[in-house]
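To keep things clear, I will list the structure first and then write my remarks on it.
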There are 2 protein chains.
Amino acid sequence: MRILLVEDTEGLGEVIQDQIADEGHAVDWVKCISNAEASLSTTHYDLLLLDLMLPDGSGIDLLKKIRKAGEATPVIILTARDQISDRINGLNAGADDYLVKPFDLSELSARIAAVSRRYAGNPNPKVYIGTLEIDLTKHIISRDGVVVNLTAREWALLEAFIQRPGTLLSKSQLEDHLYAFGSEIESNTIEVYISRLRKKLGKDQLETVRGMGYRMGLSGPGST
Amino acid sequence: MRILLVEDTEGLGEVIQDQIADEGHAVDWVKCISNAEASLSTTHYDLLLLDLMLPDGSGIDLLKKIRKAGEATPVIILTARDQISDRINGLNAGADDYLVKPFDLSELSARIAAVSRRYAGNPNPKVYIGTLEIDLTKHIISRDGVVVNLTAREWALLEAFIQRPGTLLSKSQLEDHLYAFGSEIESNTIEVYISRLRKKLGKDQLETVRGMGYRMGLSGPGST
DNA sequence: AGGTTCCTGACAATAAGCTGAAAATATAAT
DNA sequence: ATTATATTTTCAGCTTATTGTCAGGAACCT
């Protein structure tokens, strides 16, 4: 998915960019409206992440312009807590969702996923990995038709693998996915959760790559 | 199908009108209550799309008037995110469905299709979840044939689940559904209402997914 | 062997959820 | 306007599942 990020705050922009890139999407990051318009005129984007307070004007005007042009590209607004009226205007102007700063990156991921699913006209997608069937909106996993209950953390871990099937994920990557920035983990938590997932989903679903990390989904040397 | 669109926002109105027309329905678009009443008095409509904030009054009053007159014409309310209390009133006043702005056009199409299907043969659309029978127009719920009375908030909560059967909804999603923008809730209100719904509808209707949210409507032909 | 790295059962601390009941609002009735 | 009634919100105590950590052992590599 190709995403345009319009955000003038340096630090935040970087973090978001990294996060999105990590999830395998292509990001273009611009810091003002005029650049955003330039990008939009040359490239098709599947999603727009739009800050409202920008150096050369309000994001709302950009949004209105886009909608007026008949573009249906989904838009998620990023806004500070004290800009409620702006937010409402933004929604009225045709945004699809909003996020109040500061937000968790996981929250951002979830919204992006939700918007893109809706946009793709596929509101109830399922993922199949081996004998597992995973319903992403219902958060239901069945193994050979039998429903398996996962705890929040277990699901979060599984999610990391679902998002990048067949990719080798290091323990620190997985930690980043599970835990908020800064809240460091001291013990072998990831190993423990890998173990718990294996117990619930079946031994063969998760492959250990010694010294490197873990991988799910494709057992053989990989085709896509 | 003949549809009356009551919406005073120029841009949005145009978009909706186009969309509906694209789908082969006849649309009349008016921008205030008085014009709406004029149209309703001369023409039969199969569906009413009703914005709540209108220049010459609240759409709710119009809706009440219609229902009082015994008209069963299905009504879908279009409402902004900061008018949720209005929305609850609207549902109490006899709306069939609502859409929170901004909405996907595909969402709109789906609702329209759903409403027209519901009304295709039977004048009184009902939803069945487990042993519950839910009358969408009258907001009456029967459990094993016994009528259950819900308060506005209880209904609003239930509604969130009805709209997305089987979907896992987080507490914050449910809060978003129940409460207006900015009016933050900082107690365990959702839990309390979940508890009340369970008491009224039966223990098994709502499933807790610890750490993630709640889910309704999976009592079906289950695998164990 | 000896040194890693990983697995997994057990456990205490914690966070999440449930629910009765009081306090605060809103709504209706007189 | 006052009173009565119903609903909504908050609070606090309780119950229980989840979490992070540890420790001993297994698997792996050179």
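Here the structure is a predicted model, which is why all the values come from computation and not from measurement. In what follows, chains carry the letters A, B, and so on, assigned in the order in which the sequence lines appear, proteins first and then strands, with residues in each chain numbered from 1.
- Counting only distance, with no hydrogens or angles, the side chain of B:Asp28 and the backbone of B:Ser39 share no donor-acceptor pair below 3.5 Å.
- If you take CD of A:Glu207 and P of D:dC28, they are 13 Å apart, rounded to a whole angstrom.
- Here the C1' atom of nucleotide D:dT19 and the CG atom of A:Asn149 are 17 Å apart, to the nearest Å.
- Residue side chain B:Arg153 does not reach the base of D:dT8 through any donor-acceptor N/O pair under 3.5 Å, judged by distance alone.
- Toward the 5′ end of DNA chain D lies the nearest nucleotide of A:Tyr193, the other residue of the pair A:Tyr193 and A:Arg210 mapping further downstream.
- Atom CH2 of A:Trp155 and atom NE2 of A:His139 lie 5.0 Å apart (nearest 0.5 Å).
- Looking only at distances, a side-chain donor or acceptor of A:Asp135 sits under 3.5 Å from a matching main-chain atom of A:Thr137.
- Phosphate proximity of C:dC18 to B:Lys199: absent, as no side-chain N or O sits under 4.0 Å from OP1 or OP2.
- Between A:Tyr179 and the phosphate of D:dT19, there is no side-chain N or O to OP1/OP2 separation shorter than 4.0 Å.
- In this structure, B:Glu191 atom CD and D:dT10 atom P are separated by 13 Å, rounded to whole Å.
- Residue B:Thr208 has no polar side-chain atom (N or O) positioned under 4.0 Å from OP1 or OP2 of C:dA16.
- Whole-Å rounding puts the A:Leu178 CG to D:dT18 P distance at 16 Å.
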For this session: For the pair B:Glu154 and B:Arg196, evaluate salt bridge (Lys or Arg N to Asp or Glu O under 4.0 Å) and give the outcome as yes or no after the intermediate values.
Result: CA-CA 8 Å; B:Glu154 288 163 358; B:Arg196 292 198 182 138; 5.1 Å; no
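- Residue A:Thr151 places none of its side-chain N or O atoms closer than 4.0 Å to OP1 or OP2 of D:dA17.
- For B:Lys203 and C:dT19, the shortest distance from a side-chain N or O to OP1 or OP2 is below 4.0 Å.
- Place B:Arg196 and A:Asn188 on DNA chain D by their nearest nucleotides, and B:Arg196 ends up nearer the 5' end.
- A:Ile194 has its CD1 atom 15 Å from the P atom of D:dT19, to the nearest Å.
- In this structure, A:Arg198 places its CZ atom 16 Å from C1' of C:dG9, rounding to the nearest Å.
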